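The structure under discussion appears below in the form of structure tokens.
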Amino acid sequence: MSRLNVELPGLSMRNPIMPASGCFGFGKEYANYYDLELLGAIAIKATTAEARFGNPTPRVAETTAGMLNAIGLQNPGLEGVMTNELPWLEKFDVPIVANVAGTEIADYVETTAKLSKIKNVHAIELNISCPNVKKGGITFGTVPEIAAELTKEVKNVSAVPVYVKLSPNVADIVEIAKAVERAGADGLSMINTLLGMKIDLRRRKPILSNGYGGLSGPAIKPVAIRMIHQVSQVVDIPIIGMGGIQTAEDVVEFMLAGASAVAVGTANFTDPYVCPTIIEELPSLLDELGVEHITDLIGGSYKTCNVHS
Amino acid sequence: MSRLNVELPGLSMRNPIMPASGCFGFGKEYANYYDLELLGAIAIKATTAEARFGNPTPRVAETTAGMLNAIGLQNPGLEGVMTNELPWLEKFDVPIVANVAGTEIADYVETTAKLSKIKNVHAIELNISCPNVKKGGITFGTVPEIAAELTKEVKNVSAVPVYVKLSPNVADIVEIAKAVERAGADGLSMINTLLGMKIDLRRRKPILSNGYGGLSGPAIKPVAIRMIHQVSQVVDIPIIGMGGIQTAEDVVEFMLAGASAVAVGTANFTDPYVCPTIIEELPSLLDELGVEHITDLIGGSYKTCNVHS
Amino acid sequence: MIKKDWLKINHHETIAANIMELKCSGPLVKQMTQPGQFLHLRVDTSDDLLLRRPISICDVDLEEETVTMLYRVEGKGTKRLSSKQIGEKIDVLGPLGNGFPLEATERGETALLVGGGIGVPPLYNLSKQLKKRGVHVIHVLGFQSKENVFYEKEFLELGETYVVTVDGTYGEKGFVTDVIKEKHLSFDTMYTCGPTPMLSALQNAYSDRRLFLSLEERMGCGVGACFACVCHVVGDETGTKYRKVCTDGPVFPVGEVVL
Amino acid sequence: MIKKDWLKINHHETIAANIMELKCSGPLVKQMTQPGQFLHLRVDTSDDLLLRRPISICDVDLEEETVTMLYRVEGKGTKRLSSKQIGEKIDVLGPLGNGFPLEATERGETALLVGGGIGVPPLYNLSKQLKKRGVHVIHVLGFQSKENVFYEKEFLELGETYVVTVDGTYGEKGFVTDVIKEKHLSFDTMYTCGPTPMLSALQNAYSDRRLFLSLEERMGCGVGACFACVCHVVGDETGTKYRKVCTDGPVFPVGEVVL
Ligand SMILES: Cc1cc2nc3c(=O)[nH]c(=O)nc-3n(C[C@H](O)[C@H](O)[C@H](O)COP(=O)(O)OP(=O)(O)OC[C@H]3O[C@@H](n4cnc5c(N)ncnc54)[C@H](O)[C@@H]3O)c2cc1C
Ligand SMILES: Cc1cc2nc3c(=O)[nH]c(=O)nc-3n(C[C@H](O)[C@H](O)[C@H](O)COP(=O)(O)OP(=O)(O)OC[C@H]3O[C@@H](n4cnc5c(N)ncnc54)[C@H](O)[C@@H]3O)c2cc1C
Ligand SMILES: Cc1cc2nc3c(=O)[nH]c(=O)nc-3n(C[C@H](O)[C@H](O)[C@H](O)COP(=O)(O)O)c2cc1C
Ligand SMILES: Cc1cc2nc3c(=O)[nH]c(=O)nc-3n(C[C@H](O)[C@H](O)[C@H](O)COP(=O)(O)O)c2cc1C
Ligand code: FES
Ligand code: FES
């Protein structure tokens, strides 16, 4: 009897835990640490149409309870991912979420069209935190109309459900969420990183060679919880929650806020075993909280009907 | 010979350190801990036209390297502040920054008109992170046009320079900053808190009775540094920087990012002596960094002319 | 006058289920004269826990400059505090707030001290000081269950002591209010600290008596500057009057604030 | 196979200005067989420092299951590490990466080991292992100043050792490259670890020799998953080829990666 399984569009997950995109490569490295089939799903690193080297190093900086990254979407490109990475993952019975990035709509469309047809890709995660070169560098994810247009075009070509990964760097996350839902998104992933910076006092220069980078880790958790709480009450599509998750308690908090599953990013760096540890600890935490099935938690902070008290 | 003094519109500060609004009451409490004249300035708690009790408790929650607050702008109202709080502060030779909040433009105008004429009020800080009731609850600080309109109206009546305190909960902080500069702001304060939430797993309810609250503390520092770095390069008015400052090193980082002075908020709760401690530590840190006068640091992360290397 | 210092841990042990007894010393203790005041502890210096934890003064030895605190291991902060070893130092701000008024009870009168759970500790030094002033003290201490009971012996040494457990596994069964009625305890002044439902029950039953209640609220600064810990004032029609638990309280006379 | 464990601190002391020697033990040490590999340390369990710190293996005693690390107290993490006491445990991930190839030098040949500052430590176990294989070892160790010099005696016990300081306050004055030239040191293989400018100078001077360089880069995961620590590949026209310092390195043969 499973108490942890979660059914989401395209993703039949044995538990709600997946490593977050960009924090788990294409799975090979952590496969040296544990059996990847323990995971509910795997979100692989962002894939772009062409191979990319990314930004110059340093690409990471530590901040209080967080980290900044400016990897710059390094990846082997669509061809590389299809020929080298995804086939290797086939031996694991675990659904893959393919994260797709680009600099214009055509990139996303091309990449999605091809990736979504690969056997073990069960869902596409649209990374809309990238700047749109055609629109003068405005980030896709900050303008509802642009986010919606991108979603629609990608949905047209995708063979699997599409999750749109929202950027938290906006004034009104609800507006964006509703726009992509209307445009056909099957689910949402939230949140991506907050834009941040750290300066080296002695060199008087940013630590990241790119200047700005994405802030992740427990520092941003309250922002993620708030956004998921806002959005989950007004959309009808499920949310994969992320942002600072480190423990089973964090997972419960995200689900109470309205997430249907979660992704763990930065915490993999602190502890490579964090995902299986969380999965192992969940059942006893559910016992302690008097929860039978993990899905009973979803939206529990506003859905009174679920509360056992 | 002072190495720490900073001259800003309306504010002749003996050092760049002021306690942040809302974290220092009206000065009375911390006056039991140290001489308030050690400070560069004091930003007093937000004043509204009418007295307010604020939100029900709990009003604070701790998060990793941060805290959430939903005080709800409790304050004795314009009359109370003018008759009880400001006169008491007169005995200290330290400039006061009066933080002004409201729910519609008329509130801000009324409060500023009166407060700005009080002898020891040297500057007004406009808290534009409040929801505008007349515009359906949209936060003043998230729409450039509304922020600009508010700034202009307030400038019209203010007898002292006006600093506009920006909300970080926006997609494009530069746009807002430019709009309020054009509308006549004499300076900027940034950043206010990020909107966040924390949920109690057992009660399944937000810890704050208000649900959402403002995230402050070191968790948000990278966001503050990034925004100040972005804005200071494109505006000609000075910036009072804040968000997670705890140490003299943090002050230097904010000034390198482009702040001309700083405010210390949450850290007062961790250590009531934090402001005088920072002030005391600054000179030796300047020595270590080879900086003669603290103002040489301003914008040092992008102004190469200032670098001694 | 110093208000914050590093106290050295002399003693740290578990005395009941999840309840630790912590003794530490330093010159700051000299100022801890008022029972019912609290200390604001920084549990460690890492930056993930920013807020201090308010913990009541349970007892002080002014000669030895030693203060005793009893605390329940609850969340992140008290868990981390519980790992501190003898010899380590801890950053203490205080004493803060207004404690129990000793002068409210005259020599020869009887004071009833009613504590619930982790509200029991501040009553201990209060009882000692009242007794020293010639006040007759009676204690009613309520706990969840047998395993949670602490300091019974210590209170017994000062006077009559009734222990009550909700589940009846130790002492009387029920709530503190039950015992006060059943035992017909009479008193001139009542001092109490404990969970809000207990305080409300006592307030309802004894609103016409000399009753002092110690409140709990989540705090930011602990010194009166942040307005985190306010409560409404009884009978205030404007709804804007307030008291701060950290500086006006934590102890209030009955009828002053809304619980 | 375990890859992460809590090692117990046996020894922790300052051996030069800001340089600490840390020895700890546990079964994980059994796997630390390759000189030049590194350990990824979690300096403590509070949540304000999320990233692990990469520290080289300086020496191992496989029998005693003890590993020695030398580190410089730099920023927040190493400062906090330096306060750990004997008996405390520390969370160690590793050994990670590809170390120095012992087999690149044949019995009877000469290896020149060139270290700069905090790049010196990994050369110590390398030297020991090379010597055990019958290789003749020569060491050139560069430091800023006299107060920064460490492990001279330890290296001397293994073979010829030249210490160089930038300011000339100890040993030869100048850079490691100066000494190599002035002393006409000849070698079959050179192994080096130190600051990038030093590595570049050696690479430029000895690009046609058997030379292995250990690189440093800021890391996220340390295991190859995050792409934080990449470097370009020499001669790659596409600009998209890379090596990861954490898994492909930290040791690379000369000419493989762009410094
Ligand atoms: C005046 C006063 C005196 C107190 N005296 C004692 C005492 O003598 N012994 C004792 O065990 N406890 C006492 N408490 C309660 C104690 O402060 C909390 O149990 C403690 O702060 C919980 O911290 P944590 O790190 O374990 O929990 P966490 O959940 O990690 O705390 C998170 C935040 O919430 C606050 N918080 C959580 N619970 C409470 C609470 N019940 N009251 C106030 N703040 C809370 C914490 O201070 C912290 O800021 C007192 C509280 C007050 C207000
Ligand atoms: C493969 C490898 C082996 C190393 N071996 C040793 C050794 O044996 N002894 C030793 O003293 N140092 C060694 N270093 C350098 C050591 O990792 C850094 O000095 C240390 O991480 C600094 O941490 P901090 O907390 O003091 O500084 P902080 O400034 O607080 O560190 C902040 C972040 O930046 C990273 N960082 C800062 N400086 C460096 C650096 N020079 N290299 C890599 N990351 C850095 C930290 O790991 C951390 O993630 C090695 C580095 C690498 C990559
Ligand atoms: C090093 C690193 C690389 C990342 N790369 C990607 C990426 O390629 N695509 C993406 O959508 N998100 C990426 N992210 C964001 C994470 O997937 C996640 O949304 C974010 O880090 C918040 O979760 P966390 O706090 O658990 O790390 C990356 C994050 C980190 C730290
Ligand atoms: C308890 C609390 C109350 C605050 N009240 C106000 C306020 O009244 N007006 C205002 O402009 N900002 C207010 N702020 C925001 C701070 O002034 C500051 O901008 C923010 O906390 C970031 O700085 P910090 O991280 O140093 O706290 C408040 C912050 C806190 C924590
Ligand atoms: S805790 Fe800040 S006013 Fe009471
Ligand atoms: S540190 Fe993550 S790939 Fe090397």
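In this text the structure is predicted, and so the values were computed from the model without any measurement. Numbers restart at 1 for each chain; the letters A, B, ... are given by sequence-line order, proteins then strands.
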Task: Shortest non-hydrogen contact between C:Cys221 and B:Phe269, atoms and distance - done: CB-CD2, 3.5 Å
- [ ] Answer with side chain, backbone, both or neither: which region of B:Thr266 has an atom nearer than 4.5 Å to a non-hydrogen atom of chain C?
- [x] side chain
- [ ] Taking all non-hydrogen atoms of both residues into account, name the closest pair between B:Thr270 and C:Arg52 and its distance.
- [x] O-NE, 2.7 Å
Open item on the list: Quick check on the interface: out of C:Thr240, C:Val230, C:Thr247, C:Leu93, who has the most heavy-atom pairs with chain B under 4.5 Å?
Closed with: C:Val230
TODO: Using the side-chain contact (heavy atoms from CB on, under 4.5 Å) rule, take B:Tyr273 and C:Lys3 through it: C-alpha gap first, then chi angles, then the decisive distance, then the call.
DONE: CA-CA 10 Å; B:Tyr273 296 103; C:Lys3 312 227 169 195; 3.6 Å; yes
Open item on the list: Could you check whether atom CD of C:Gln31 has more than 12 heavy atoms from other residues, nucleotides or ligands sitting under 6.0 Å from it?
Closed with: yes
Task: Residue B:Asn55 versus chain C: region with a heavy atom under 4.5 Å - done: neither
Open item on the list: Could you report the tightest heavy-atom contact between C:Arg218 and B:Val60, atom names first, then the distance?
Closed with: CD-O, 3.6 Å
- [ ] Below 4.5 Å from any heavy atom of chain B, which atoms of C:His232 appear? Answer side chain, backbone, both or neither.
- [x] both
- [ ] Heavy atoms only, distances under 4.5 angstrom: which of C:Ser46, C:Cys226, C:Gly222 has the most pairs with chain B? Name it, please.
- [x] C:Cys226
Task: Neighbour count >12 (heavy atoms, 6.0 Å) for atom NZ, C:Lys4 - done: yes
Task: From NZ (C:Lys244) to CD (B:Glu29), nearest 0.5 Å - done: 4.5 Å
Task: Shortest non-hydrogen contact between C:Ala225 and B:Cys23, atoms and distance - done: CB-O, 4.3 Å
Task: Structural part of B:Gln246 lying under 4.5 Å from a heavy atom of chain C - done: side chain
Open item on the list: If you count heavy-atom pairs within less than 4.5 Å of chain C, which of B:Ile207, B:Thr57, B:Asn268, B:Asn32 leads?
Closed with: B:Thr57
Task: Within 6.0 angstrom of C:Phe175 CZ, more than 12 heavy atoms from elsewhere - done: no
Task: Rounded distance (nearest 0.5 Å) linking atom CG of B:Asp271 with atom CZ of C:Arg42 - done: 7.5 Å
Task: C:Lys241 versus chain B, the contacting section by heavy-atom distance below 4.5 Å - done: backbone
Task: Exceeds 12 heavy-atom contacts within 6.0 angstrom, atom CD of B:Glu90 - done: yes
Open item on the list: As an exercise, state the distance from CZ of B:Phe53 to CG of C:Asp236, rounded to the nearest 0.5 Å.
Closed with: 9.0 Å
Task: Approximate separation, where rounding is to 0.5 Å, of C:Leu50 CG and B:Thr63 OG1 - done: 7.5 Å
Open item on the list: I'd like to know whether B:Thr64 forms a side-chain contact (heavy atoms from CB on, under 4.5 Å) with C:Lys76, so could you lay out the CA-CA distance, the side-chain angles of the two residues, the decisive distance to 0.1 Å, and finally the verdict.
Closed with: CA-CA 10 Å; B:Thr64 308; C:Lys76 246 178 150 178; 3.6 Å; yes
- [ ] Can you spot which of B:Ile71, B:Asn69, B:Asn75 makes a side chain to side chain contact (heavy atoms under 4.5 Å, CB included) with C:Phe227?
- [x] B:Ile71
Open item on the list: Between B:Lys28 and chain C, with a heavy-atom cut-off of 4.5 Å, which part of the residue counts as in contact: side chain, backbone, both or neither?
Closed with: neither
Open item on the list: For the interface with chain C, which of B:Ala267, B:Ala65, B:Ala51, B:Pro76 has the highest count of heavy-atom pairs at distances below 4.5 Å?
Closed with: B:Ala65
Task: Residue C:Leu51 versus chain B: region with a heavy atom under 4.5 Å - done: both
